[in-house]
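Below: one structure, written as structure tokens.
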Amino acid sequence: MPELPEVEVVRRGLQQWVSGRTIANVDVRHPRAVRRHEAGADDFVRRLAGHRFRCASRRGKYLWLPLAGEDTAVVAHLGMSGQLVLLPSDAPDGPHLRVRMTFDDGGRELRFVDQRTFGGLALAELVPDEAAGHLPAPVRHIARDPLDPAFDDDEFVGRVRARESALKRILLDQTVASGIGNIYADEALWRTRLHGSRVGRTLTRPQVRDLLASVREVMGEALEQGGTSFDSLYVNVNGESGYFERSLHAYGREGEPCDRCGTPIRRVAFMNRSSYFCPRCQRGARGKPSARR
DNA sequence: CATAGATCCTGTATGC
DNA sequence: TGCATACAGGATCTAT
């Protein structure tokens, strides 16, 4: 469940159902799922057994579970198709089960399920971070996400306007602001009436501020509805899907009328993926800036 | 240095 | 029916 709202839904589930529990056994069913754990799958398994999870944290699309009494955390990234689900031990494995963790209380076990194996788990060091307290080493390279209270709006505006590349590319760059993916980038651009091919450098400060407000708005609304799900690939820790798909205005709506002006939504290939936009509301780099008055 | 493109993987949907 | 192709919500490595 890749973007911020979906990952936050998972974090909340982990916070409720996994924090405070002590790991009994870890079973790595596919080595690729722990490829980011440099010391290998055996080391990953050995170092987790007997340790207790303190809580569940998140920045952008990264999740981590700090271990009690240690300066380490299990870092998880769901990639394109990863799921963290809680299931009874006797539930069938399913074809994409990658890692299984049991707990000493005998309750539901935690499973990492990932069809495409772009996601993964690793045990990483928690290192001091001047602003955030502690952060896992693999998370330090990304920026704060827009829902982080300490997110620096001015810095974001400055960085967007310093870029020579397309606005959508900037939104997807996790080192500028983390947590935004293909869906919410398109949705925020639609809400702000900006075209993703606009060059960052050409935007006014108020335009970038509006865009940031739209990002927060759409992510907040999605979170309230449990995230966006098109199919069973994107579920919370209890295997349930969110409802935000119903509220999408642009993403996945090629040919359908724009909810503002009725013009059919267009889809174009961009950065090896799809971008959806309203060709009337969101004027492109070739046309006049839409917010000009 | 900033930026653009290729690549990792498995499954589903679509067209011939 | 079989087969080929396009596409899927992401991040990272490589080349320019």
Side-chain angles (χ1 to χ4, degrees), chain A residues 1-10 29-36 38 58-63 75-84 94-98 112-122 124 136-143 145 158-189 196-197 199-201 215 218-219 222-223 225-236 241-255 267-276:
Chain A
M1 314 185 33
E3 303 187 46
L4 187 152
E6 294 77 34
V7 178
E8 174 60 15
V9 167
V10 172
R29 308 291 295 270
H30 195 308
R32 201 175 139 75
V34 294
R35 68 192 179 286
R36 298 277 166 206
E38 302 274 339
R58 180 192 59 73
R59 173 175 285 191
K61 303 168 196 171
Y62 281 88
L63 287 166
V75 178
H77 198 292
L78 303 178
M80 291 282 262
S81 56
Q83 306 173 338
L84 284 166
H96 306 118
L97 175 63
R98 308 304 185 199
F112 179 64
V113 178
D114 190 8
Q115 177 192 105
R116 294 175 71 182
T117 69
F118 287 174
L121 307 180
V139 182
R140 275 188 307 172
H141 71 288
I142 67 168
D145 62 66
R159 292 194 62 186
V160 170
R161 296 184 71 237
R163 291 267 189 137
E164 205 57 53
S165 53
L167 195 46
K168 178 152 180 190
R169 181 180 280 277
I170 302 169
L171 284 177
L172 295 178
D173 184 337
Q174 304 297 299
T175 68
V176 176
S178 63
I180 306 168
N182 209 29
I183 294 180
Y184 298 108
D186 281 0
E187 292 300 308
L189 289 165
S197 67
V199 171
R201 158 106 227 181
V215 167
V218 69
M219 283 184 167
L223 194 47
Q225 296 178 53
T228 303
S229 301
F230 299 111
D231 52 48
S232 60
L233 220 52
Y234 305 98
V235 297
N236 66 17
S241 292
Y243 297 102
F244 195 68
E245 184 203 349
R246 301 170 186 171
S247 310
L248 297 178
H249 295 289
Y251 188 86
R253 296 196 59 219
E254 182 179 20
R267 183 180 78 89
V268 297
F270 180 72
M271 288 176 68
N272 268 339
R273 56 216 319 194
S274 293
S275 284
Y276 300 86

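Chain A is the first sequence line, chain B the second, and so forth, proteins listed ahead of strands; every chain is numbered from 1.
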Notebook entry, point to check: Would Asp114(A) and Arg32(A) count as a salt bridge (Lys or Arg N to Asp or Glu O under 4.0 Å) if you check the C-alpha gap in whole Å, the side-chain angles of each, and the deciding distance to 0.1 Å?
Noted result: CA-CA 10 Å; Asp114(A) 190 8; Arg32(A) 201 175 139 75; over 6 Å; no
Margin query: Distance check, P atoms only: dA11(C) and dC1(B), in whole angstrom units.
Written below: 22 Å
Checklist line | Complementary nucleotide for dA15(C) - Watson-Crick or wobble, under 3.5 Å | finding: dT3(B)
Notebook entry, point to check: Do the charged groups of Lys168(A) and Asp186(A) touch, with an N to O distance under 4.0 Å?
Noted result: yes
Notebook entry, point to check: Checking all strands, does Arg267(A) fall into the base, sugar-phosphate, or nothing category for heavy-atom contacts under 4.0 angstrom?
Noted result: sugar-phosphate
Next item on the list: Nearest whole angstrom, please: distance from the C1' of dC8(B) to the CE of Met80(A).
Entry: 11 Å
Check: When you measure from the side chain of Tyr251(A), which nucleotide among dG11(B), dG10(C), dA8(C) comes out closest?
Finding: dA8(C)
Notebook entry, point to check: For atom CZ of Arg201(A), is the number of surrounding heavy atoms from other residues, nucleotides or ligands below 6.0 Å larger than 12?
Noted result: no
Notebook entry, point to check: Ring stacking, Phe118(A) with base of dG10(C), under 5.5 Å and under 30°?
Noted result: yes
Margin query: Rounding to an integer number of Å, can you tell me how far Ile170(A) CD1 sits from dA2(B) C1'?
Written below: 11 Å
Item checked: Distance below 4.0 Å between Ser81(A) side-chain N/O and dA8(C) OP1 or OP2 -> no
Next item on the list: For the residue pair Leu233(A) and Gln115(A), establish whether any side-chain heavy-atom pair is separated by less than 4.5 Å.
Entry: yes
Check: Do the side-chain N or O atoms of His141(A) get closer than 4.0 angstrom to the phosphate oxygens (OP1, OP2) of dT12(C)?
Finding: yes
Notebook entry, point to check: Does Arg116(A) place a side-chain N or O at less than 4.0 Å from the phosphate oxygens OP1/OP2 of dG10(C)?
Noted result: no
Next item on the list: Indicate, with a heavy-atom threshold strictly under 4.0 Å, whether Tyr184(A) touches base, sugar-phosphate, or nothing.
Entry: nothing
Note to self: Using whole Å, what does the distance between atom P of nucleotide dA13(B) and atom CZ of Phe230(A) come to?
What the structure shows: 14 Å
Item checked: Stepwise side-chain contact (heavy atoms from CB on, under 4.5 Å) check, Val235(A) with Ser229(A) -> CA-CA 7 Å; Val235(A) 297; Ser229(A) 301; 5.8 Å; no
Check: Among dG10(C), dC7(C), dT10(B), which is the nearest nucleotide to the side chain of Arg273(A)?
Finding: dG10(C)
Note to self: By nearest atom, which of the nucleotides dC9(B), dG10(C), dC7(C) is closest to the His77(A) side chain?
What the structure shows: dG10(C)
Next item on the list: Scan Arg36(A) against the nucleic acid and name what it touches under 4.0 Å (heavy atoms): base, sugar-phosphate only, or nothing.
Entry: sugar-phosphate
Note to self: With a 3.5 Å limit on both atom pairs, tell me what dT10(B) is paired to, counting Watson-Crick and G-U wobble, or say none.
What the structure shows: dA8(C)
Margin query: If I pick the P atom on dG9(C) and the same atom on dT14(B), what distance separates them, to the nearest angstrom?
Written below: 16 Å
Checklist line | Met271(A) CE to dG9(C) P, straight-line distance once rounded to whole Å | finding: 11 Å
Item checked: Tyr184(A) and Phe244(A) aromatic ring geometry - parallel, tilted or perpendicular at 30°/60° bounds -> tilted
Next item on the list: Please tell me which of Tyr276(A) and Ile142(A) maps to the more 5' nucleotide of DNA chain C, matching each residue to the nucleotide holding its nearest heavy atom.
Entry: Tyr276(A)
Margin query: For Ala162(A) and Asn272(A), find the nucleotide of DNA chain B closest to each by heavy atoms; which residue's nucleotide sits nearer the 5' end?
Written below: Ala162(A)
Notebook entry, point to check: To the nearest Å, how far apart are Arg201(A) CZ and dA2(B) C1'?
Noted result: 14 Å
Note to self: If you compare every side-chain N and O of His96(A) against the phosphate oxygens of dG11(B) (OP1, OP2), does one of them come in below 4.0 Å?
What the structure shows: yes
Check: Contact class for Arg32(A) (heavy atom, under 4.0 Å): base, sugar-phosphate, or nothing?
Finding: sugar-phosphate
Note to self: With a 3.5 Å cut-off and heavy atoms only, can you find an N or O donor on one side and an acceptor on the other between the side chain of Arg163(A) and the base of dA2(B)?
What the structure shows: no
Next item on the list: Let me know the distance between CZ of Phe270(A) and P of dT3(B), rounded to the nearest Å.
Entry: 12 Å
Item checked: Other residues, nucleotides, ligands: >12 heavy atoms within 6.0 Å of Tyr243(A) OH -> no
Check: Within this structure, what is the CG-to-P distance between Leu84(A) and dG9(C), rounded to whole angstrom?
Finding: 20 Å
Checklist line | Rounded distance in Å - CG (Leu172(A)) to C1' (dG10(C)) | finding: 9 Å
Notebook entry, point to check: Is the phosphate of dG10(C), meaning OP1 or OP2, less than 4.0 Å from a side-chain N or O of Gln174(A)?
Noted result: no
Next item on the list: Have a look at Tyr62(A) and say if it touches a base, only the backbone sugar-phosphate, or nothing, with a 4.0 Å heavy-atom cut-off.
Entry: sugar-phosphate
